[in-house]
There are 2 protein chains.
Amino acid sequence: MGRAARPTVYTVADRAQVSVATVSRALAAPEKVSEATRLRVLEAIDALGYVPHGAARSLAADAHRAHGLVLPELVGPYYSDLLLGYEREAATGGDAVVLALAGGDDLAAKVLRIAGSVDGIVVMGASALPRAALAAIRELVPVLGLTGGAGQGLEVIGTRNLDSSRELTQHLVEHGRNRLVFVGDPDLAEDIQARYRGFCEALQPHAPEPVRVEPSEAAGVEVAERLLAGELDADGLVCANDELALGVIVTLTARGCDVPGDVAVVGWDDVMAARYVQPSLTTVRQPVADLGATAARRLREHIAAFRAGQLPPGPAPDRLMTSVIYRRSCGCTSDPSKEQEHR
Amino acid sequence: MGRAARPTVYTVADRAQVSVATVSRALAAPEKVSEATRLRVLEAIDALGYVPHGAARSLAADAHRAHGLVLPELVGPYYSDLLLGYEREAATGGDAVVLALAGGDDLAAKVLRIAGSVDGIVVMGASALPRAALAAIRELVPVLGLTGGAGQGLEVIGTRNLDSSRELTQHLVEHGRNRLVFVGDPDLAEDIQARYRGFCEALQPHAPEPVRVEPSEAAGVEVAERLLAGELDADGLVCANDELALGVIVTLTARGCDVPGDVAVVGWDDVMAARYVQPSLTTVRQPVADLGATAARRLREHIAAFRAGQLPPGPAPDRLMTSVIYRRSCGCTSDPSKEQEHR
DNA sequence: CTGTTAGCGCATTCAA
DNA sequence: TTGAATGCGCTAACAG
């Protein structure tokens, strides 16, 4: 014996003594239905436990009412906020979020897979997409880059990495550091690249080559060891993210090296641990939830334009403002109470 | 001038000189199509940039090939791993993930919204769902609880909070703590409840009432202040999660209270900061990615059974094993090298 | 304000 | 191995 058949518009229409069109209207445009009938319909819907079939609706309305969100398979606290911001804004606009996490060459496949089920896609880590695949997808739905993707010709939603990096670096310079080194591989992501560029600009006319490592704690530990071994010379490390910086700091301090006395260390993201490590980490905070919301909002605009027929959807949003959180690891905050503000 | 019309099975069929049925087969059951025609079809698909329309496919096949994943609007590092594990497993099974973040009373609405577009739903924080809404949804698709939801009659995928809590508490007892207090509100979530139960069991025959606060850093700070003010008496705090524990630790140590000397503090989740705080935090690590994967896998089973006609899908998976990570805050790890293992 | 009707794009019978 | 035809559940004209 199977379950009761799923109620459909017809089932509801029957019970409410109306036509299916009226049921549809009662849901989509209540004002186009008389009070009385609308109530009857709603009663029927409630009584039958009717839930519209999403696919049928999408097919008929020629709109999925869903956004694709493609993120790299990285972990980190960063994501929770990003998702929160994105999902909220998407939901506000009536859109669901189809999430795809991609780690390698399955990226293209996954994106194609969801491309058939969403009205538009936001991709973080778009650089890993084969040009051909991206082109095919963009034929179908608008695609936005998150944090990067300019290299793929995408409009990108991101933060002001250049500015924050310049500020951070300049700050270190002004406080007497003159053997600064950037830790992180600019080729790994566009935002890291921008951070390195800002670093270079602040160090005009010549900045040293970056230490090309992955943005992880483990890599930070390695870098610290190289420093301790004398393979690397620096009195200040501008790290591509906090994980890296944290790895550096614990290793350095554990081995008796004074941070920030001997070496200043700064990072990006303001992860929770940045406030707990000793010394606390000077870092760049990004409006991550806002970043997500902005991307969702902007994608909605793109979708509208795309459907309306290819017109470009007005000016792209500015890159989001970031703020440097000065703590102890840069050696410049003498006032601990000031630090507390940023807890 | 509009964009080129989206290619459909018909477009592809035309170009490949076959019928739409063959196109469909070439994609869904390649072995049922001759080598030659299949190649022609694939060529056409490639040339036209054809991507199947997800909604049309779902409607015709009567399967969305998508999971709904509903999470509370909390933030935290926890989620990245959970999503990673879930998405991977879902993708492996060919299913997309529709993510919904719910913060309040919009929960029911959101769940209903996605219920029409997925084959099954995993809900974390199901207790916030009105019974009626849940019942209606379960009529439509199978629903699983993540971390909780037993109270709503859901099968739940979770970890062994009871065991880990008992172990943690017993450990503190064995090392001489005899004024232990549980920090966190058992009524806020089933897992916190289980943690409190384990705490109580270890403290047979009578355990003190819990300090009912939200599981946040701020609340931890408050609790620490109460302790310092003498409003609370304890030589050990079993905190419902790491945020709480961290808030307690920094506040206590900043005010000259010795952790773990005067008060031992332990938590749950093993967030990154747990390793960086001074003293490092003894905590419970949960296999979060595995938790996600297990939920996805199990939901798939439920979906299959549900469609096959209401049969119960075999034994539910065991609650996942957790591991206590002994660090310094419990005052029991004398060997720092041992601690390093868990970095 | 309401009902009738024609697809949306695809999978899947059933014949051939 | 292939094609023709039907319908999934819904929305959106179009009539009334």
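In this text the structure is predicted, and so the values were computed from the model without any measurement. In what follows, every chain begins at residue 1, and chains take the letters A, B, ... in the order their sequences are listed.
Formation of a donor-acceptor pair under 3.5 Å by the B:Asp119 side chain with backbone atoms of B:His64 is found in this model. Of the possible donor and acceptor atoms, none in the side chain of B:Asp81 sits under 3.5 Å from a partner among the backbone N and O of B:Val288. When atom types are taken as modelled, the side chain of B:Glu155 and the backbone of B:Ala316 share no donor-acceptor pair closer than 3.5 angstrom.
If you check every strand for non-hydrogen atoms under 4.0 Å, B:Val23 touches nothing. Counting any heavy atom pair closer than 4.0 Å across all strands shown, A:Val18 reaches sugar-phosphate atoms only and no base atom.
Between B:Ala96 and A:Arg113, the shortest heavy-atom contact is N-NH2, 3.6 Å.
Rounded to a whole Å, the CG atom of B:Leu27 is 15 Å from the P atom of D:dT2. Computed from coordinates, the A:His64 NE2 to D:dT11 P distance equals 15 Å when rounded to whole Å.
Within the 4.5 Å cutoff, no side-chain heavy atoms of A:Pro30 are placed close to those of A:Val33. Side-chain contact between A:Leu83 and A:Leu69: present, with at least one pair of heavy atoms (C-beta onward) separated by less than 4.5 Å. Taking the side chain as every heavy atom from C-beta outward, A:Leu71 and A:Leu82 approach each other to under 4.5 Å. Between B:Phe306 and B:Leu140, the closest side-chain pair of non-hydrogen atoms is not below 4.5 Å.
Contact annotation: B:Thr22 side-chain N/O to D:dG3 OP1/OP2 distance is under 4.0 Å.
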Can you check nucleotides 7-10 of chain C for protein contacts, nitrogen or oxygen pairs under 3.5 Å, and list what you find?
unit_1, atom_1, unit_2, atom_2, d
C:dC8, O2, A:Ala60, N, 3.4
C:dG9, N2, B:Ala56, O, 3.3
C:dC10, OP1, B:Tyr50, OH, 2.4
C:dC10, OP1, B:His53, N, 3.1
C:dC10, OP2, B:Val9, N, 2.5
C:dC10, N4, B:Tyr10, OH, 3.4

For nucleotides 13-16 of chain D, which of its nitrogen or oxygen atoms have a protein nitrogen or oxygen under 3.5 Å away, and what is each distance?
none

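For residues 37-49 of chain A, proximity to DNA chain C is found at A:Thr37, defined as any non-hydrogen atom under 4.0 angstrom from a strand atom.
Each end of the helix from C:dC1-D:dG16 to C:dA16-D:dT1 gets its own axis, taken as the rotation carrying the C1' atoms of four end pairs onto the next four within a five-pair window, and the two axes meet at 30° to the nearest 10 degrees.
Between the side chains of A:Gln152 and A:Arg131, at least one donor N or O lies within less than 3.5 Å of an accepting N or O.
Listed by first and then second residue, the ring pair (Phe, Tyr, Trp, His ring centres under 6.0 Å) pairs that reach into residues 80-116 of chain A are A:His67-A:Tyr86, sequence neighbours excluded.
Under the rule for a ring pair (Phe, Tyr, Trp, His ring centres under 6.0 Å), B:His302 has no partner lying at least two apart in sequence or in another chain.
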Report task. Assess whether side chain to side chain contact (heavy atoms under 4.5 Å, CB included) is satisfied between B:Arg40 and B:Val18, documenting all intermediate values. Result -> CA-CA 9 Å; B:Arg40 281 216 315 288; B:Val18 296; 3.4 Å; yes
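Electrostatic pairing of B:Arg38 and B:Glu43 does not count as a salt bridge here, judged by no charged N lying under 4.0 Å from a carboxylate O.
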